[in-house]
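Beneath this line is the structure, given in structure tokens, with notes to follow.
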Amino acid sequence: MDSLFILNASGAALLEKHWCDDRAIRRASLVVVPAFARYLASVEAAADAEPMWSGPQGTVCIHIQRQELIYLGIVSREVPPLEVLELLEGVVQALGEYVGRLSELTIKENFVTVYQLLSEMVDSGAMVTTDTAVLRGLVPVPNLVNRVLENVSGIGIGPERRPNVNTSATPWRAQGIRHSTNEFYVDIAERIDAIIAASGAVVAYDVNGEISCKSRLTGMPELVLTLNRPEIMDDVVFHPCVRRRAWDAERTIGFVPPDGPFKLASFHVAMETSPRSLPLHVRAQASRSGGTHTVEIAVDPGQCHGRPIEKLGVRVPLPLQAYNIGVQCKTGAHKVTNARPPQVEWTVKSVRPGDRGLRLSIQYHMHGEAAAAGGAPPAEQQGVAAAFVDFEIAGYSAASIKVDALRLLRESYKPFKGVRYVTKAGSFQVRF
């Protein structure tokens with residue numbers, strides 16, 4: 001990667017870091033980034049922009065958007081795109097753990113710290129590390145005093161005040177860590193990616209999960225985490241602290257944990273494409289009577305082991321030419337967003353296992369429909385294509401992956417242990 005830019009929503013650069021010669025720097029700053037900003041302005045929404053875009057003068061722009069910021073990597077030679085995307089994701093995660101919620105204001109307030117982190121995470125355009133346990137030994141976590149000194153002097157913390165770098169066999173964990181109370185928490189978060197036909201039949205169904213931990217343990221403990229169904233997990237990616245041999249031989253996760261929060265593993269599970277396995281049943285129907293278009297959506301709770309479905313949201317993008325939009329729902333709240341395209345959003349705070357009859361009805365008309373009556377209507381007048389569903393279920397695992405045991409070795413104390421499960425909607429859509 002030649003350059004990395006952090007841009008605001010309008011495409012203006014907040015920070016830039018380069019690993020190339022002066023000519024390439026001028027090209028990136030004066031030609032490529034303005035061209036990329038014009039490309040963003042040409043799409044209806046920044047979320048619709050392609051993650052890879054062919055830029056001017058033989059460059060390729062690879063970007064991700066998180067909240068209001070855009071993280072842009074510029075490359076001019078053959079590089080695996082997923083490698084750049086992984087680096088950008090790691091940058092976002094590391095910066096978030098250092099400065100909290102990432103925004104234009106927090107980037108400006110912590111400019112020196114962000115620049116130092118980029119210098120440590122990337123060398124000659126290639127990723128070195130995005131592990132915050134290692135980065136804390138290289139770049140101090142910002143506090144009020146450091147921030148005032150940086151803003152006044154324009155320089156970061158001096159080397160004489162920098163923390164010692166851990167060069168042991170476990171660089172993610174420093175020596176001599178002590179806590180007054182010893183605790184270890186495990187969070188298993190799963191996201192359901194599903195495509196549902198209008199009839200409710202499941203076209204595609206996958207689960208992507210993360211095992212996140214928070215460690216407050218004294219000394220140099222070793223943990224062994226045992227799951228109930230490790231055989232169904234594939235594409236597993238572990239934190240460097242995990243001993244891969246134990247997983248390959250016994251399907252157990254043995255590791256010396258970093259101190260503080262960290263992501264232990266991510267995984268994928270291919271699920272059975274059966275409506276009975278879904279925690280939520282959604283059916284949709286679109287019809288037309290004269291000049292009136294009607295969209296009806298029905299939602300019922302599925303197999304979620306008695307857990308309530310929280311934060312249910314259904315988003316229905318309408319055709320560009322839709323007008324005179326009317327919405328009816330007996331449960332929850334709705335709003336109509338007059339964007340391009342207009343869309344209807346329906347939200348229900350909580351759905352209990354026995355709740356039935358959740359219905360949303362939308363009626364609208366279309367501009368220019370009479371003119372197109374003699375032939376096939378243009379794409380923007382062909383009605384609603386899909387509805388997008390969002391939800392959250394606490395205490396539920398879609399893949400039925402649970403923690404069987406968590407053992408502590410090499411230390412004599414008994415820590416407090418906690419495990420939580422949550423399932424959320426990822427890309428969950430219903431097609432008409």
Side-chain angles (χ1 to χ4, degrees), residues 1-77 79-130 132 135 139 142 147 150-151 154 156 339-340:
M1 185 168 64
D2 297 340
S3 304
L4 189 151
F5 288 81
I6 300 179
L7 313 176
N8 61 16
S10 62
L14 305 177
L15 183 145
E16 56 189 88
K17 179 70 174 172
H18 303 278
W19 300 274
C20 53
D21 56 33
D22 293 341
R23 180 181 176 184
I25 292 175
R26 290 192 297 270
R27 177 184 62 189
S29 302
L30 303 178
V31 179
V32 180
V33 170
F36 179 75
R38 291 192 295 271
Y39 164 67
L40 288 180
S42 68
V43 298
E44 294 179 1
D48 298 331
E50 294 293 335
M52 290 182 57
W53 178 72
S54 296
Q57 300 184 16
T59 59
V60 175
C61 297
I62 303 175
H63 83 282
I64 60 174
Q65 182 176 11
R66 296 296 178 267
Q67 285 83 44
E68 60 195 72
L69 299 181
I70 297 169
Y71 303 83
L72 171 66
I74 299 175
V75 298
S76 60
R77 59 187 184 276
V79 176
L82 290 179
E83 185 177 302
V84 179
L85 290 171
E86 182 184 7
L87 171 58
L88 296 177
E89 289 284 2
V91 167
V92 172
Q93 183 177 354
L95 295 184
E97 293 190 21
Y98 259 78
V99 305
R101 184 182 182 277
L102 295 174
S103 65
E104 185 170 349
L105 178 61
T106 55
I107 292 295
K108 291 179 178 178
E109 287 181 343
N110 299 277
F111 181 87
V112 174
T113 298
V114 173
Y115 201 85
Q116 288 178 327
L117 284 170
L118 292 177
S119 299
E120 299 293 353
M121 285 190 284
V122 185
D123 184 25
S124 301
M127 180 170 62
V128 177
T129 181
T130 56
T132 52
L135 292 171
V139 180
R147 193 176 295 123
E150 291 170 356
N151 291 336
R340 286 180 55 86

Would you compute the distance between atom [atom1] of [X] and atom [atom2] of [Y] and round it to the nearest 0.5 angstrom?
X	Y	atom1	atom2	result
L95	L118	CG	CG	6.0 Å
W19	D2	CH2	CG	9.5 Å
M1	C20	CE	SG	10.5 Å
L88	I70	CG	CD1	12.0 Å
M127	E86	CE	CD	4.0 Å
L105	N8	CG	CG	12.5 Å

Test side-chain contact (heavy atoms from CB on, under 4.5 Å) applied to I6 and L72, step by step: CA-CA 6 Å; I6 300 179; L72 171 66; over 6 Å; no
Whether [X] side chain and [Y] backbone form a donor-acceptor pair below 3.5 Å:
X	Y	answer
N110	V99	no
S29	R26	no
T106	R101	yes

Locate the shortest heavy-atom distance separating [X] from [Y]; write the atom from each residue and the value.
X	Y	value
V139	E120	CG2-CG, 3.7 Å
V31	P56	CG1-CG, 3.7 Å
I74	A28	CD1-CB, 3.9 Å
E104	L69	N-CD2, 3.9 Å
L40	A49	CD2-CB, 3.8 Å

With heavy-atom distances below 4.5 Å as the criterion, would you say the side chains of [X] and [Y] are in contact?
X	Y	value
I62	P51	no
V92	L102	yes
Q116	F111	no
L117	Y98	yes

Between H63 and F36, is the ring centroid distance below 6.0 Å?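 Between F36 and H63, which both carry aromatic rings, the centre distance is below 6.0 Å.
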Trace of the side-chain contact (heavy atoms from CB on, under 4.5 Å) decision for K108 with L14: CA-CA 7 Å; K108 291 179 178 178; L14 305 177; 4.1 Å; yes
The test is side-chain contact (heavy atoms from CB on, under 4.5 Å); show your working for V84 and V79 and say whether it passes. CA-CA 8 Å; V84 179; V79 176; 3.6 Å; yes
Using the six-membered ring wherever Trp is involved, compare the ring planes of Y39 and W53 and label them parallel, tilted or perpendicular (cut-offs 30° and 60°).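 Correct class here is parallel.
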Can you tell me if Q67 and S103 form a side-chain donor-acceptor pair at under 3.5 Å?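 No, because no side-chain N or O of Q67 sits under 3.5 Å from a partner of the opposite role on S103.
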Using a distance-only test with no angle check, is there a side-chain donor-acceptor pair under 3.5 angstrom linking K17 and S3?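 Side-chain D/A pair, K17 to S3: absent.
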Given M52 and V60, is the side-chain contact (heavy atoms from CB on, under 4.5 Å) satisfied, shown in steps? CA-CA 7 Å; M52 290 182 57; V60 175; 4.1 Å; yes
